[in-house]
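Structure, as structure tokens:
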Amino acid sequence: SKKKFLKNFTIKLDYGSESYLVRGPLRFPESTFQGAESLQSITIENIPIESPPAHIFRGLRSLKELHLDRVLPIANSTLPESLFKDLESLNELHLSTSSTLSRDTFSNLRTLKKLVIVVQDLDKWPAGLFEKLSSLIELEILSFLSVSQIKREFFVGLNRLEYLTMHPY
């Protein structure tokens with residue numbers, strides 16, 4: 001079956017002193033960012049994919065910011081647990097997804113200070129989702145559905161959290 005891609009996607013790669021803007025249809029093999037160890041920031045927008053490669057960000061140990069907006073995936077699926085595994089220096093993550101998140105989705109992001117997440121339904125989140133985000137200071141949750149209450153378990157481990165923002169998307 002043919003995969004369909006939007007023509008108006010944007011990828012911005014920022015190396016600190018130089019940045020590049022890429023536009024057009026693109027497929028994401030696991031080797032997409034291989035050899036780009038000095039990348040500081042990646043912004044990927046408007047790319048529907050069926051399932052992101054589990055190790056697409058492998059080796060990006062210098063990455064500080066990652067923006068995945070309206071990217072992951074168009075089908076109902078679960079984000080690979082190892083998707084963010086190598087992002088040991090990540091400080092800021094913006095994630096807009098309709099995917100199911102597992103309890104271990106963010107488990108390796110111990111240096112993450114800011115998380116902005118756009119989701120379909122908070123009720124489907126597993127308890128302890130943010131448990132290992134011990135450095136998180138700012139959490140912004142945008143939801144497509146109205147939220148009447150949030151389970152206390154969502155905030156377990158967020159001992160350094162200073163800012164919590166929640167609103168409809």
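Computed from a predicted structure; not experimentally measured.
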Once rounded to the nearest 0.5 Å, what's the spacing between atom [atom1] of [X] and atom [atom2] of [Y]?
| X | Y | atom1 | atom2 | answer |
| --- | --- | --- | --- | --- |
| Leu142 | Ser96 | CG | OG | 9.0 Å |
| Ile42 | Leu39 | CD1 | CG | 5.0 Å |
| Ser89 | Gln40 | OG | CD | 9.0 Å |

What side-chain donor-acceptor pairs closer than 3.5 Å can you find for residues 159-166, not counting sequence neighbours?
none

Please answer whether the main-chain N or O of His55 pairs with a side-chain N or O of Ser82 as donor and acceptor at a distance below 3.5 Å.
->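 No: the side chain of Ser82 does not pair with the backbone of His55.
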Backbone N or O of His67 within a donor-acceptor pair of the Thr43 side chain at under 3.5 Å?
->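 Here the side-chain-to-backbone pair does not exist.
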Decide if atom NZ of Lys64 counts as having more than 12 heavy atoms of other residues, nucleotides or ligands within a radius under 6.0 Å.
->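 Counting other residues, nucleotides and ligands, NZ of Lys64 exceeds 12 neighbours.
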May I ask you to test the Phe130-Phe106 pair for a side-chain heavy-atom distance under 4.5 Å?
->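 Counting from C-beta outward, Phe130 and Phe106 do come under 4.5 Å.
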Given side chains that start at C-beta, do those of Glu37 and Ser62 come closer than 4.5 Å, heavy atoms only?
->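 They are not in contact (no side-chain heavy atoms under 4.5 Å apart), so the answer is no.
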Can you see which heavy atom on Ser41 is nearest to which on Leu63, and at what distance?
->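 Shortest heavy-atom separation between Ser41 and Leu63 comes out as N-CD1, 3.5 Å.
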Grab the two heavy atoms, one from Leu60 and one from Leu87, that are nearest each other, plus how far apart they are.
->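 For Leu60 versus Leu87, the nearest heavy atoms are O-CD2, 3.7 Å.
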In terms of hydrophobic clusters joined by side-chain contacts under 4.5 Å, are Phe155 and Leu101 together?
->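 Looking at the clustering, Leu101 is in the same group as Phe155.
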Quick one: do Leu158 and Leu93 end up in the same hydrophobic cluster if we chain Ile, Leu, Val, Met, Phe, Trp and Tyr together by side-chain heavy atoms under 4.5 Å apart?
->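 In one cluster with Leu158: Leu93, yes.
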Residues 107-117 side chain polar contacts: donor-acceptor under 3.5 Å, at least two apart:
from: Ser107; atom 1: OG; to: Asp104; atom 2: O; distance (Å): 3.1
from: Thr111; atom 1: OG1; to: Glu88; atom 2: O; distance (Å): 2.9
from: Thr111; atom 1: OG1; to: Leu90; atom 2: O; distance (Å): 2.9

Just by distance, with hydrogens left out, do His94 and Glu140 show a side-chain donor and acceptor under 3.5 Å apart?
->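 Judged by distance alone, the side chains do not pair up.
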Decide side chain to side chain contact (heavy atoms under 4.5 Å, CB included) for Glu81 and Thr105; before the verdict, give the C-alpha distance in whole Å, the side-chain angles of both, and the deciding distance to 0.1 Å.
-> CA-CA 5 Å; Glu81 288 182 7; Thr105 299; 5.5 Å; no
Taking ILVMFWY side chains as joined if any heavy atoms are under 4.5 angstrom apart, and letting links pass through other members, which residues group with Val156?
->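 Val156 shares its hydrophobic cluster with no other residue.
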